[in-house]
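Following: one structure in structure tokens, then a few remarks.
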Amino acid sequence: MKQLVIPLIILLVILVAGFFVFYNNSNSQNEDNKDTQLTVCVAMTDDTVKRNCFTQLAIENKDYSICDNLDDGSYCEVYVAEAKGDLSYCQTKAAEGMKDVCYQRVAIGTLDENKCELIHPAFTGIYDVCYGDIVKIKKDATICQKMRTSPDECYLVLAINSSDESICDKISYSVDRDYCYNQIS
């Protein structure tokens, strides 16, 4: 019996993944597809797969109400806010403890590093990740200056990823700067 359960779960995951890959997002069929996808998500037995299914569906439809199908839909809602670029959701409706993550996700979703400034100063890690993710996408070294804890690390990663030796010049710590030059040469 156990030998049959694992292949069935794998098959179900493949079918769901295939369903999302071939999902037709046309306006005329959108509501029918959404209902069909909701039915697929509801039928899932693995909690993690079910949570991912509802979250992906909510993101694709930019619909907070789909997150209501989860016991705790706060992460789901944050990802919908990111997809919609909905900063007002973060400010007024995000669950306590999720506001800063919401600001981070919306900042990244809109590629607006100024929104990272809304993150509470106590959450330095979230703040720096917010800027770091935007730097990776925009490839703009000036954004590294806004990071609280690791601008040198930001410059190093950006310089190596873009093979731009001039960014190494911005690194203040000489050992890291030399490492940067060696990685690019």
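Salt bridge annotation for K93-E77: absent, with no cationic side-chain nitrogen under 4.0 angstrom from a carboxylate oxygen.
Atoms SG and CG, on C154 and D128 in that order, are 8.5 Å from each other to the nearest 0.5 Å. Interatomic distance, D140 CG to L158 CG, rounded to the nearest 0.5 Å: 8.0 Å. Summarising the geometry, atom OG belonging to S74 is positioned 11.5 Å from atom CD belonging to E96; distances are rounded to the nearest 0.5 Å. Annotation: the span from K139 atom NZ to D164 atom CG amounts to 11.0 Å, rounded to 0.5 Å. Rounded to the nearest 0.5 angstrom, Y64 OH and K84 NZ are separated by 5.0 Å. In this structure, E60 CD and T55 OG1 are separated by 11.0 Å, a value rounded to the nearest 0.5 Å.
Surrounding NZ of K99 are more than 12 heavy atoms belonging to other residues, nucleotides or ligands, all under 6.0 Å away.
Between the R148 side chain and the F123 main chain, no donor and acceptor come within less than 3.5 Å of each other. A side-chain donor-acceptor contact under 3.5 Å links K50 to the backbone of M44. The backbone N or O of S65 sits less than 3.5 Å from a side-chain atom of D63, completing a donor-acceptor pair. Of the possible donor and acceptor atoms, none in the side chain of K115 sits under 3.5 Å from a partner among the backbone N and O of L87. In this structure, the side chain of D152 engages the main chain of Y173 through a donor-acceptor pair within 3.5 Å. At distances below 3.5 Å, not a single donor-acceptor pair connects side-chain atoms of R177 with backbone N or O atoms of C168. With hydrogens and angles ignored, the 3.5 Å screen pairs no side-chain donor or acceptor of D86 with any backbone N or O of V80. Checking side-chain atoms of N69 against main-chain N and O of I66 turns up a donor-acceptor pair under 3.5 Å.
Looking at every heavy atom in both residues, P151 comes nearest to M147 through CD-O, 4.0 Å. Contact between V106 and C90 at its shortest, heavy atoms only, is CG2-SG, 3.6 Å.
Hydrophobic clustering of Ile, Leu, Val, Met, Phe, Trp and Tyr side chains at less than 4.5 Å, counting indirect connections, keeps V157 apart from I143. Cluster annotation: V78 and L70 are assigned to distinct hydrophobic clusters (Ile/Leu/Val/Met/Phe/Trp/Tyr, side-chain heavy-atom contacts under 4.5 Å, transitive). Y103 and V129 sit in two unconnected hydrophobic clusters of ILVMFWY residues. Membership requires side-chain heavy atoms under 4.5 Å apart, directly or through other members. The hydrophobic cluster containing M98 does not contain F54, counting ILVMFWY residues as joined when their side-chain heavy atoms lie under 4.5 angstrom apart, directly or transitively.
Between C102 and the choices Y89, Y79, Y75, the side chain to side chain contact (heavy atoms under 4.5 Å, CB included) rule is met once, by Y89.
A 4.5 Å side-chain heavy-atom check between L156 and E153 finds every atom pair outside the cut-off.
Between the side chains of Y181 and E165, no donor N or O sits under 3.5 Å from an acceptor N or O.
Side-chain rings of Y131 and Y127 approach one another, their centers coming within less than 6.0 Å.
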**OP:** Please report the C-alpha distance between L57 and L38 in whole Å, then the side-chain angles of each, then the deciding distance to 0.1 Å, and finally whether the side chain to side chain contact (heavy atoms under 4.5 Å, CB included) criterion is met.
**Re:** CA-CA 8 Å; L57 183 59; L38 278 169; 3.7 Å; yes
**OP:** For the pair N114 and K146, evaluate side chain to side chain contact (heavy atoms under 4.5 Å, CB included) and give the outcome as yes or no after the intermediate values.
**Re:** CA-CA 10 Å; N114 295 318; K146 297 179 180 182; 3.5 Å; yes
Subject >> Candidate pair Y155 and Q145, rule side chain to side chain contact (heavy atoms under 4.5 Å, CB included), full reasoning >> reply: CA-CA 9 Å; Y155 291 132; Q145 298 166 359; 3.0 Å; yes
